Amino acid sequence: MTQLTMGKALTAGLRRALADDDKVLIMGEDIGALGGVFRITDGLQAEFGPRRVLDTPLAESGIVGTAVGLAFRGFRPVVEIQFDGFVYPAFDQIVSQVAKLHYRTQGQVRMPLTIRIPWAGGVGAAEHHSESPEAYFVHTAGLRVVACSNPQDAYTMLRQAIACDDPVIFLEPKRLYHAKGGVELDGDIADAAPLGLANIVRPGSDVTVLTYGAQVTTALDAALAAEDEGISLEVIDLRSLSPVDYGTIAASVRRTGRVVVTHEASREGGVAAELIASVTEKCFHFLEAAPVRVTGHDVPYPPAKLEQYHLPDLDRILDAVDRVLGRPNSMSEVSA
Amino acid sequence: MTQLTMGKALTAGLRRALADDDKVLIMGEDIGALGGVFRITDGLQAEFGPRRVLDTPLAESGIVGTAVGLAFRGFRPVVEIQFDGFVYPAFDQIVSQVAKLHYRTQGQVRMPLTIRIPWAGGVGAAEHHSESPEAYFVHTAGLRVVACSNPQDAYTMLRQAIACDDPVIFLEPKRLYHAKGGVELDGDIADAAPLGLANIVRPGSDVTVLTYGAQVTTALDAALAAEDEGISLEVIDLRSLSPVDYGTIAASVRRTGRVVVTHEASREGGVAAELIASVTEKCFHFLEAAPVRVTGHDVPYPPAKLEQYHLPDLDRILDAVDRVLGRPNSMSEVSA
Amino acid sequence: MTDTLTPAAARSTDTEDVARLLDHTGARVADERLDPWIADVDTAMLRQLYRDMALTRRLDAEGVALQRQGHLGLWAPAQGQEAVQVGTAWACHDDDFLFPSYREIGIELVRGVAPADFVMVWHGAAHSSYDPFAVHVANPQIIIGAQSLHAVGYAMGIQRDGGDQIAVAYFGDGASSQGDVNEAMVFAASYGSPVVFVCSNNQWAISEPVALQAQYPIAGRAPGFGIPSMRIDGNDVLACVAAMRWAADHARSGEGPAFIEAVTYRMGPHTTSDDPTRYRDTDELDHWRARDPLGRVEAYLRSVGAFDDAFQQAVTADADRFTAAMRSAVVGIAPPAPLRVFDHVYAEPHSGIDEQRAQFAAYLDGFGTDGGVA
Amino acid sequence: MTDTLTPAAARSTDTEDVARLLDHTGARVADERLDPWIADVDTAMLRQLYRDMALTRRLDAEGVALQRQGHLGLWAPAQGQEAVQVGTAWACHDDDFLFPSYREIGIELVRGVAPADFVMVWHGAAHSSYDPFAVHVANPQIIIGAQSLHAVGYAMGIQRDGGDQIAVAYFGDGASSQGDVNEAMVFAASYGSPVVFVCSNNQWAISEPVALQAQYPIAGRAPGFGIPSMRIDGNDVLACVAAMRWAADHARSGEGPAFIEAVTYRMGPHTTSDDPTRYRDTDELDHWRARDPLGRVEAYLRSVGAFDDAFQQAVTADADRFTAAMRSAVVGIAPPAPLRVFDHVYAEPHSGIDEQRAQFAAYLDGFGTDGGVA
Ligand SMILES: Cc1ncc(C[n+]2csc(CCOP(=O)(O)OP(=O)(O)O)c2C)c(N)n1
Ligand SMILES: Cc1ncc(C[n+]2csc(CCOP(=O)(O)OP(=O)(O)O)c2C)c(N)n1
Ligand SMILES: [Mg+2]
Ligand SMILES: [Mg+2]
């Protein structure tokens with residue numbers, strides 16, 4: 001067990017994938033000499049050479065489109081999109097090519113691409129540097145979408161994503177890049193929990209809190225605070241946003257009867273909507289109250305000085321917990 | 001009241017908008033001499049000249065990006081995207097520019113763009129010609145998203161969208177282009193129901209069916225068939241997918257206690273998820289059963305010979321109605 | 001470079017400003033740069049090229065007929081563009097990987113794609129048919145220009161494998177406006193990748209004339225990216241072979257990408273749904289009919305006594321067999337089983353798809369419908 | 001055009017292959033094409049240009065300082081690029097509309113953007129500050145290349161209005177790889193729109209050298225789209241004025257778009273978060289320090305006796321005032337009211353936003369927080 005930041009765990013995962021499989025390539029803007037703006041690819045070009053770790057021209061559609069061609073040639077490209085907000089120029093290649101080629105060709109052409117996206121807000125960044133585009137990818141059949149929330153998962157899930165024969169959107173919460181944790185570096189990925197499984201990061205009995213990415217930390221903080229008031233929250237880290245591990249989730253909801261979903265992305269058409277619709281379908285008769293969403297507002301990501309009012313924090317989660325428990329809350333008057 | 005196909009009603013709406021406001025421009029691929037591949041702009045270039053009705057180079061990001069620049073100059077561009085599947089190359093301009101410019105500039109720069117998209121399936125088309133991308137736009141704050149389902153709405157809503165100072169994604173169900181209906185051409189759009197309102201196209205008492213676009217027709221067919229079995233469906237045409245008229249919807253659900261949502265788009269993270277999550281939040285204590293979704297499967301749009309198994313038809317809607325009513329249905333064993 | 005860089009006076013619409021080896025009467029004309037590349041092309045080879053072009057034309061006509069008869073949902077006619085398709089494909093090595101658009105049936109024919117595989121997609125039975133790795137041709141691309149990046153990526157892969165293949169990106173004049181095609185040139189030039197760009201400039205992108213995409217000749221765009229290019233008569237199969245050999249040799253020998261603009265003409269409608277009378281004069285058709293790619297080869301072969309009835313009959317017989325096989329593949333074909341909707345969304349097991357497939361199978365069961373589960 | 005079009009031997013990395021009027025020592029050199037465009041630029045004007053460049057440099061240094069002191073989240077230094085920014089903006093008419101990227105502070109200065117408006121965005125208080133229609137400058141763009149299409153669209157609007165303005169698209173060497181920038185050239189060339197493209201080639205896109213974006217000079221790309229271009233010394237403010245006047249005149253007089261590649265150098269890091277020692281040699285900095293855009297103007301003005309202490313003091317005083325205003329705008333500034341999160345998402349009433357704002361206001365009320373409702 002080594003103590004690593006999530007950033008270093010990701011670097012270790014990439015290094016391991018490059019070492020294990022000649023067909024793995026890493027490509028993106030500034031990932032070579034600079035090691036990426038977040039230093040996730042630090043040292044990898046020096047170690048594996050510019051044929052395997054390549055700086056690309058500044059064009060995201062070009063990066064993903066050429067990665068598709070490399071996959072045609074048998075490679076397993078790992079693409080770095082510099083920031084979440086810069087994935088949109090590649091949207092056509094992702095939605096119309098990466099996601100559809102295996103289906104289009106009846107399985108003849110595989111697309112084992114991993115698209116890494118430094119993701120979401122909370123770091124006081126400029127516009128376009130704090131986006132949470134996961135719902136777009138979750139709605140796109142043919143893609144798998146995962147988000148890590150701690151160094152061990154970052155390391156293991158990245159290796160699993162690269163080893164997966166399907167395209168994987170790999171979301172890396174920026175605000176956790178410096179968070180530290182123990183990482184078992186020697187494990188075999190075949191022995192780890194499969195990529196699609198959720199993780200009960202804190203068991204509890206009163207309310208099920210569903211979340212992913214950096215919000216897992218916020219939800220755990222909320223669980224601690226709730227404990228002081230005698231409320232027990234079960235916090236589930238989804239890890240995989242598509243497909244979702246409804247086995248784990250439904251079992252929890254059947255026990256608690258109450259659900260709060262929290263994510264940074266805006267609410268309308270967000271991942272929380274899907275989770276609530278599915279949970280309601282699967283657990284309707286177990287629900288004691290309407291599931292509650294605690295999300296970013298339906299606004300473009302605001303300027304840095306306002307992001308604290310956009311991102312769902314501990315207090316907003318607790319307010320939602322009060323709501324599902326029928327305790328006094330900010331909407332008590334509205335719902336009364 | 002003139003009898004018109006939806007296609008001709010749209011043409012009439014564009015003509016009227018061009019006539020009423022010098023700042024309105026129409027741009028897109030093949031919209032000039034050809035009149036568009038669906039002939040929606042038929043005759044308009046001849047009537048208003050190539051400065052106001054302009055064929056563009058074959059580049060969707062270019063079309064939307066230059067429309068943004070035209071809006072900076074005070075124009076109100078109406079963009080035609082040739083088919084739903086060709087909007088993705090313009091995704092970055094739509095999400096990062098069109099949707100965000102008003103917010104970015106604190107209201108200084110308005111984006112009165114209308115982006116018309118011949119939309120969805122059921123016409124036996126080739127790949128990329130039957131996409132239902134609406135959930136992507138619904139999740140994008142700053143956009144309005146509407147879908148028409150009959151010639152009168154097509155005419156009125158298009159005029160309203162063009163007159164709106166916000167960007168509007170205007171979805172035109174291809175499979176209804178030839179459907180006929182009465183259109184009042186002389187009305188003032190200020191007198192019509194505002195763009196954001198839903199429409200109860202068939203009142204009923206047992207189950208609320210929420211839908212939009214061409215599925216409205218399918219839902220109405222299902223309502224007729226259900227009537228034979230003594231079941232009364234209330235069919236609501238959302239018309240606006242963002243924002244959604246929850247006033248109308250919640251009132252209906254509080255009466256019926258049962259909800260079916262149907263759309264062509266795939267299910268995971270689709271508009272139905274948002275509707276169910278919101279309805280559950282707003283009407284939990286009125287719900288007699290879990291709301292049910294009847295949607296496209298979570299697969300890329302299949303080849304033409306398979307689309308009948310992908311698109312939710314009358315029978316699948318009735319099966320869902322049986323489900324919310326607790327009558328025997330295809331999932332009876334599963335849920336038992 | 002310190003000069004004001006003013007584009008030369010050339011115009012995108014000047015279809016005579018091209019390099020050629022066979023003029024429209026079938027006369028062999030000299031071209032200094034092209035001649036060396038076809039020194040080995042003898043009469044036998046030219047007959048082979050003629051045959052493949054003639055088959056392409058018949059294949060194409062059969063596609064149109066099958067569409068008219070209701071067996072296909074759509075067809076995108078290639079008539080008039082046989083020379084660039086057949087000639088460029090013919091000049092490649094068998095394991096060079098070609099990335100075509102929807103209209104490049106001639107290259108698929110050269111590569112041995114089976115008759116049935118030309119109709120399955122347009123019939124609506126599948127989004128693609130043949131195995132791309134068997135024929136080294138990607139499945140035809142519908143998103144305009146997207147495949148150009150795939151070709152460059154494939155070529156980047158060749159560089160990493162140390163292979164001696166090249167990749168070829170095929171696209172139209174309309175596609176030249178897409179960001180992807182320009183990004184493809186950027187990547188290819190920066191990495192010096194072994195890729196050849198072939199722009200079939202057939203003068204039209206549906207109803208839009210080439211002048212809307214480019215005022216200056218499209219071939220003139222590549223040098224600005226550092227890529228050498230050639231503008232050729234795309235209706236002259238010899239010029240197409242020669243130019244492709246030049247370009248392929250350039251790419252294969254490690255000198256980086258090359259670009260060909262083949263000036264040709266789309267004789268038919270954009271697709272069987274299109275009505276070209278709305279946007280173009282029939283005069284244009286007459287002009288181009290006189291510049292037919294097959295006619296000039298026939299004239300040349302006749303002039304050297306290499307085109308007789310026996311040859312013609314053999315070609316016709318081949319074409320009859322081919323088109324009969326196309327027809328029988330699609331006429332009366334059984335509809336695909338419903339549950340095929342769920343096949344191949346993912347390469348690895350996926351809980352979401354598994355659940356939906358099972359639910360839909362149960363639903364179909366209720367109607368007594370067999371979903372056709374594997 | 002029938003020739004093989006082989007790019008000339010020019011290299012994107014050759015920074016001396018440029019047109020200029022003031023060499024790095026401050027000596028006035030002749031250039032046949034540029035000279036006519038600055039016949040009226042006298043010493044007084046040159047002093048004005050110097051002043052604006054000097055202010056830009058001080059403004060920039062103040063931005064860096066404010067960032068280091070924690071008042072700004074980030075700053076994108078412009079040091080070394082003052083000549084192209086000030087010179088090209090200076091050569092435009094006041095109502096020509098400029099579409100800059102995030103680094104073009106010199107053009108905003110020339111247009112009279114207020115000191116506070118240079119810091120509000122980087123402070124994190126807003127996504128944009130000044131009124132674009134007051135200064136005819138769009139708010140700086142962060143999405144690389146996106147603004148190039150906006151400039152072309154604006155120019156298409158000018159054509160429709162019959163205005164005599166032009167639009168200007170500013171972007172970097174890295175941006176030249178983006179599809180949008182190439183599509184912008186396509187649209188501009190097809191419509192003959194009055195737009196000027198100004199590529200500030202500062203040799204780097206964060207850590208990537210220009211050779212990764214273009215092997216051939218970026219100025220060489222435009223002619224392939226039918227757009228005349230010029231490659232100039234972007235550190236020579238006179239050349240920048242002259243080239244921009246040439247390009248603007250070309251565009252304004254109805255001849256369509258023009259393109260300028262201004263060869264310059266980013267002396268600082270990409271942003272205050274960047275560490276250029278990881279990817280470039282300090283030798284490079286010495287080379288470019290000797291080619292400073294301000295130093296050569298000062299040397300020239302001194303050589304003609306037009307640069308004395310009084311002038312220098314006046315410039316310094318202006319800069320002091322300007323930077324003091326920047327600082328006071330941001331130091332101790334009150335945080336924005338929470339409910340501003342919801343402002344201006346839509347221009348017209350929107351039920352969804354209204355509901356969420358009301359809910360959040362009620363939530364804040366529970367904490368006794370004033371949301372700052374308008
Ligand atoms: C991204 C995208 N936009 C629009 C279309 C619709 N479309 C299909 S073919 C075509 C014209 C293509 O013209 P060109 O590239 O010249 O090829 P050609 O059809 O002439 O062979 C258009 C606009 C598409 N398929 N993809
Ligand atoms: C679409 C997009 N991709 C990536 C980025 C991240 N990014 C910001 S600046 C930059 C480099 C830009 O280089 P260049 O165009 O040369 O401009 P310069 O910074 O040198 O002025 C990159 C990659 C971005 N802002 N937008
Ligand atoms: Mg064409
Ligand atoms: Mg740069």
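Bear in mind that the values here come from a model prediction, so they are computed numbers and not experimental data. Proteins get letters first, then strands, A, B, ... in listed order; numbering begins at 1 in each.
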- Message: Tell me if a side-chain donor or acceptor on D/Tyr346 pairs with a main-chain N or O of B/Asp165 at a distance below 3.5 Å.
- Response: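 Not at all, since once roles are kept as given, no pair shorter than 3.5 Å links the two residues.
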- Donor-acceptor contact below 3.5 Å, side chain D/His344 vs main chain B/His102: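 Answer holds: no.
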Check each atom of [X] against the heavy atoms of chain D and say whether the ones under 4.5 Å are side chain, backbone, both or neither.
X: B/Gln106; value: both
X: B/Ala59; value: both
X: B/Ser96; value: side chain
X: B/Met27; value: side chain
X: B/Lys100; value: neither
X: B/Phe75; value: side chain
X: B/Val244; value: backbone
X: B/Asp245; value: neither
X: B/Gln108; value: both
X: B/Leu143; value: backbone

- Item | Exercise: identify the closest heavy-atom pair between D/Ala146 and B/Gln97 |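 Of all heavy-atom pairs spanning D/Ala146 and B/Gln97, the closest is CB-NE2, 3.6 Å.
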- Task: Looking only at non-hydrogen atoms, find the nearest pair between D/Ser351 and B/Pro243 and report the distance.
- Result: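 Residues D/Ser351 and B/Pro243, closest heavy atoms: OG-CB, 3.5 Å.
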- Message: Could you walk me through whether B/Arg73 and D/Gln165 satisfy the side-chain contact (heavy atoms from CB on, under 4.5 Å) test, starting with their C-alpha distance in whole Å, then the side-chain angles of each, then the deciding distance to 0.1 Å, before giving a yes or no?
- Response: CA-CA 11 Å; B/Arg73 181 77 185 181; D/Gln165 302 86 7; 3.1 Å; yes
- Message: Non-hydrogen contacts under 4.5 angstrom with chain B: give the residues of residues 123-135 of chain D involved, or none if there are none.
- Response: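 Residues in range: D/Ala126, D/His127, D/Ser128, D/Ser129, D/Tyr130, D/Asp131, D/Pro132, D/Phe133.
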- Message: Please report the interatomic distance CE(D/Met156) to CG(B/Leu70), rounded to the nearest 0.5 Å.
- Response: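 One finds 5.0 Å between CE of D/Met156 and CG of B/Leu70.
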For chain B, which of [options] has the most heavy-atom pairs under 4.5 Å?
options: D/Ile143, D/Ile142, D/Asn139; answer: D/Ile143
options: D/Phe99, D/Tyr191, D/Tyr154; answer: D/Tyr154
options: D/Ile353, D/Leu149, D/Ile158, D/Asp180; answer: D/Leu149

- Between D/Arg160 and B/Leu54, is any pair of side-chain heavy atoms under 4.5 Å apart?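 A side-chain contact under 4.5 Å exists here.
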- Task: Using a 4.5 Å cut-off on heavy atoms from C-beta on, say whether the side chain of B/Glu60 contacts that of D/Glu183.
- Result: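 Contact flag for D/Glu183/B/Glu60 side chains = no.
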- Message: I'd like to know whether B/Arg51 forms a salt bridge (Lys or Arg N to Asp or Glu O under 4.0 Å) with D/Asp161, so could you lay out the CA-CA distance, the side-chain angles of the two residues, the decisive distance to 0.1 Å, and finally the verdict.
- Response: CA-CA 10 Å; B/Arg51 292 170 75 91; D/Asp161 285 344; over 6 Å; no
- Item | Option in B/Val64, B/Ile63, B/Thr66 with maximal non-hydrogen atom pairs under 4.5 Å from chain D |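 Result: the option with the highest number of such pairs is B/Thr66.
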- Query: With chain D, which of B/Pro77, B/Gly107, B/Gly142 has the greatest number of heavy-atom pairs at distances under 4.5 Å?
  - Reply: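 Max contact count across the listed options: B/Gly142.
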- Message: Set out, in order, the CA-CA distance, both residues' side-chain angles and the distance that settles side-chain contact (heavy atoms from CB on, under 4.5 Å) for B/Arg104 and D/Gln141, then state yes or no.
- Response: CA-CA 10 Å; B/Arg104 177 181 309 152; D/Gln141 180 64 246; 3.9 Å; yes
- Item | D/Ala151 versus chain B, the contacting section by heavy-atom distance below 4.5 Å |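 No part of it gets close to chain B.
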- Is chain B contacted by the side chain of D/Val181, its backbone, both, or neither, given a heavy-atom distance below 4.5 Å?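 Contact with chain B is absent: no heavy atom of D/Val181 under 4.5 Å.
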